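These numbers were taken from a predicted model, which means no experiment stands behind them. Order of the sequence lines sets the chain letters (A, B, ...), proteins ahead of strands, with each chain counted from 1.
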There are 2 protein chains.
Amino acid sequence: MTSSNKQTQTDKLAAEIGDAILSGVLTPGTRLDEHRLAEQYAVSRTPVREAIRSLAATGLVELRPRRSAVVAEITPAQLEIMFVAMGELEATCARLSAMSMTPIERRRLQNQHERMGALVESDDVAGFIEANLTFHGLIYAGSHNGILADMAVGLRRRLGPYRRAQFRSPGRLPRSQAEHDRIMQAIVSGDAATAHAAMLNHVSLVEDTFIGLTATRAA
Amino acid sequence: MTSSNKQTQTDKLAAEIGDAILSGVLTPGTRLDEHRLAEQYAVSRTPVREAIRSLAATGLVELRPRRSAVVAEITPAQLEIMFVAMGELEATCARLSAMSMTPIERRRLQNQHERMGALVESDDVAGFIEANLTFHGLIYAGSHNGILADMAVGLRRRLGPYRRAQFRSPGRLPRSQAEHDRIMQAIVSGDAATAHAAMLNHVSLVEDTFIGLTATRAA
DNA sequence: CCGGGCAATATTGCATGCAGTTTCTATATT
DNA sequence: AATATAGAAACTGCATGCAATATTGCCCGG
């Protein structure tokens, strides 16, 4: 009883096509030909159509009646807006976390932060990146608000391809760790306003990195 | 060339079924039988299926593989979370508005607020409710962030059925107007932190009204 | 009288086919 | 040579049909 057999073809297709878009296999502007996709995944057009419609709801593809669906284009302006939105959502989650995390959750966040300190010492970039996801994930969860957390997770996922290089610049790891320290301290001590401000500051700096990235890509 | 003919059946169905859910015609827990819906709207099952999948992505219906889709249940806990999320989004939009509204937008917000003052004087509840939507809409738009604005609009739409009675309690109109005044002043003067706090306070009070409402419904 | 198992029914998931529209191409005209 | 136009090919939107799975009702045993 494989787990992949439990969900429908449509769901599997939506996941696969979505991953293909997020991983860059399907680039923005690419037409999603139903026939071609059906043939490619060895199914009929029906589940392909339904999968495309699901993806359209998430904003990954654009649906134009009577014309082919296309992979959604992201303009630099749109990217900017998405980064701002994500920053605000992260900050909001940090604020709520400061107010409503349980003692266990606060402890867990603190532990995670300390663990990341060791990764900074050993300059383990890959390990830090993964631990960083966990750190931010703990804050999403700590908000105790699934809706805001889902929004943040969705945006982070969507922005993933544009954030790849963010920890490669020298000195970024210790700086991130210092910013995390402020955030973590504020959350653990229940200081909502500081948690909000510190997180906003943190993600704004990340955003700066992204702007450099897009400039590179646009050149 | 009727405008209704331009969009596909699927889109029309998604809109109609969505409205049916939001307006309470289809109550939470109702099974969405594809045959029945197809017959009811005089189309085949295919567009119905696609419409349901669209609605599932918006959270209006819950999709369970191999079982009927059902209108999503909203538990009181879920409602609470949605109201909190919406409050945070509103407050964030107010914050961003204070930072990035154009002079014209600030002026427009001020005008709208003053217009609402007259409605309070004449105790025009219906007029105030509509103007209130515009007021908040101006703040969404003023954030200059379509993503956050869309999230806020979507949540407001979703919560609509649970907010109906909020302005009926005596003295609510003048109180709302006073709260709006603080928000408007902060935004116009560019005081982001105060705008955030004032909006959060404002919507929290609205939430209080909602809690009374659910208590009534639950009894 | 009540609960479990089995058959009948109903319903979903997917494939396929057809009609209408869009898009591409090639030809003709300026 | 460039553009407009007509025809053809391709693609989407929708309907229908079939197989697989869930649900319901019924019968039997305890």
Side-chain angles (χ1 to χ4, degrees), chain A residues 1-21 25-73, chain B residues 1-21 25-73:
Chain A
M1 200 185 294
T2 60
S3 63
S4 65
N5 213 354
K6 254 313 174 198
Q7 48 185 338
T8 66
Q9 297 276 42
T10 299
D11 291 326
K12 283 191 284 184
L13 278 175
E16 276 206 63
I17 297 174
D19 284 344
I21 294 173
V25 174
L26 294 173
T27 58
T30 303
R31 289 178 41 161
L32 295 173
D33 184 291
E34 296 174 3
H35 272 293
R36 185 181 290 282
L37 286 172
E39 193 173 357
Q40 184 172 341
Y41 291 103
V43 295
S44 85
R45 280 177 51 220
T46 306
V48 172
R49 283 180 61 81
E50 293 179 0
I52 287 176
R53 191 156 271 277
S54 284
L55 294 172
T58 72
L60 274 181
V61 315
E62 194 180 347
L63 223 51
R64 307 163 306 170
R66 292 280 172 196
R67 277 189 287 290
S68 290
V70 296
V71 178
E73 307 259 9
Chain B
M1 203 184 293
T2 60
S3 64
S4 65
N5 213 357
K6 255 312 172 198
Q7 48 184 342
T8 65
Q9 297 275 42
T10 300
D11 291 325
K12 284 191 284 184
L13 279 175
E16 276 206 63
I17 298 174
D19 284 344
I21 294 173
V25 174
L26 294 174
T27 58
T30 304
R31 291 179 39 162
L32 295 174
D33 185 290
E34 296 174 3
H35 273 293
R36 185 184 290 281
L37 287 172
E39 193 172 358
Q40 184 172 339
Y41 291 102
V43 294
S44 85
R45 280 177 50 219
T46 306
V48 171
R49 283 179 62 82
E50 294 180 0
I52 287 176
R53 191 156 271 277
S54 283
L55 294 172
T58 73
L60 273 181
V61 313
E62 193 181 349
L63 221 52
R64 306 163 305 172
R66 292 281 172 193
R67 278 191 287 290
S68 290
V70 296
V71 177
E73 307 259 9

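One distance of note links CD of A:Gln7 with CG of A:Leu13; it measures 10.0 Å at 0.5 Å rounding. Put simply, CD1 on A:Ile21 and CG on A:Leu55 are 5.5 Å apart, with the number rounded to the nearest 0.5 Å.
Among all heavy-atom pairs drawn from A:Leu63 and A:Ala56, the shortest one is CD2-CB, 3.9 Å.
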### Message
Across nucleotides 11-20 of chain D, 5' to 3', mark each nucleotide with B, S or - according to how protein heavy atoms within less than 4.0 Å reach it.
### Response
SBBSBBB---
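In A:Glu39, the CD atom is not crowded: 12 or fewer heavy atoms of neighbouring residues, nucleotides or ligands sit closer than 6.0 Å.
Here side-chain hydrogen bond (donor to acceptor under 3.5 Å, both in side chains) pairs that include residues 50-62 of chain B, with residues two or more places apart or in two chains, are A:Asp11-B:Arg53, A:Arg49-B:Glu50, A:Arg53-B:Ser54, A:Ser54-B:Arg53, B:Thr10-B:Glu50.
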